[in-house]
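The structure under discussion appears below in the form of C-alpha cells.
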Amino acid sequence: MKQNRKQKAILATIYTLFVVGLLLGTRCESRIHLTTPEQDAQHLAHLAETIHSEADLRKVERLASQYEIAYRKSYNGAKALYFKTLCTPILDAAGERRAAIRSAEDYLHAQEIALQNTICDLDEAWNMPLGDEAAELEKLAQNSAHILTLRAELEALIMAKEQYANEIIEAGYPAEMLTEMGNKEAAVAAKAEEIAAAERKSHIIILANKLQFSRELTL
C-alpha cells in the first residue's frame, strides 16, 4: 500500500512538472510580438550585428526559430516559410561573423602562447651555463645525434602501428587488439614529444651562445 502511494505521488509530481513546463513554454512563446516578416527579419539583422560570442549567435538563432513558430501558429506555413527565407541570409551572415571573430581570437591566443614561449626560451638561454665554443659545439652535436636516433625510433613505431592496424582489420577488430592499438598510438605521441623536447634543447643551446657570447654555432 505504501509503495502504491509513493508511486502515485511520483506520478503526480511528474505530471505537475510537465504542466508547469507547458505553461512556461506557452508564456515564452507569447512574448514574441509579431509585426511583419520584413520588420521582424530586420530586427534579427540588427541583433546579428552585435554578435561576438557563441552564446550571442545561439540567442539570435533561437529567436529566429521562435519567430518562425509564432508565424506558423498565428498565420500559416506560407508566411512562416517566407519569414525563414528572409532570415536565412541573416543567420548565415551571423555565423560568418562569429567564425571571423573566433578566428581572430584563435590567432591572438596563438600569438600569446608564442610570446610566452619566446620569453621562456630567452630566460632559459640567458641562464644556461656555457663552456667554450668547442664544448658547446660538442654538446650540440651530441644532441643532434640523439634527435636522429629518436626520429628513427619514431619511424619504427609508426611502421609497427600501421602493420598492427592491418592485423586488427584481418582479425575483425577484437577489443584487446584495439586497446593495444591505443597503447601504440600513445607511444608514437610520446616519442614525438620527446623529439620536440630535444629539438628545443638544440634551439636553446644555439640561442644561449648567441645571446651570451655572440657565437653562431653551426654543425
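FYI, the numbering just counts along the sequence from 1.
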Do NZ/NE/NH1/NH2 and the carboxylate oxygens of E199 and R151 come within less than 4.0 Å?
yes
Salt bridge (charged side-chain N to carboxylate O under 4.0 Å, His left out) contacts touching residues 160-173 (sequence neighbours left out):
none
Considering all heavy atoms of both residues, which atom of A125 and which atom of Q212 are nearest to each other, and what is their separation?
O-NE2, 2.7 Å
Could you check whether E136 pairs with R215 (Lys NZ or Arg NE/NH1/NH2 to Asp/Glu carboxylate O, under 4.0 Å)?
no
Examine K79 relative to Y71 and say whether NZ or CZ is less than 6.0 Å from the centre of the six-membered ring and inside a 45° cone about the ring axis.
no
Applying side chain to side chain contact (heavy atoms under 4.5 Å, CB included), can you list everything that pairs with I169, at least two apart in sequence or on another chain?
Y173
Can a salt bridge be assigned to the pair K201 and E124 using a cut-off of 4.0 Å between side-chain N and carboxylate O?
no
So does E68 pair up with R72, basic N to acidic O under 4.0 Å?
yes
Work out which heavy atom in S202 is nearest to a heavy atom in I147; give both atom names and the distance.
OG-CD1, 3.8 Å
Can a salt bridge be assigned to the pair R58 and E61 using a cut-off of 4.0 Å between side-chain N and carboxylate O?
yes
On the 0 to 90° scale, with breaks at 30° and 60°, tag the F83-Y67 ring pair as parallel, tilted or perpendicular.
tilted
For E38 and Q42, does a side-chain donor sit closer than 3.5 Å to a side-chain acceptor?
no
Where is the tightest heavy-atom contact between L137 and L219, given as atom of each residue plus distance?
O-CD2, 3.8 Å
Is it true that D106 and S103 share a donor-acceptor pair across their side chains at a distance under 3.5 Å?
no
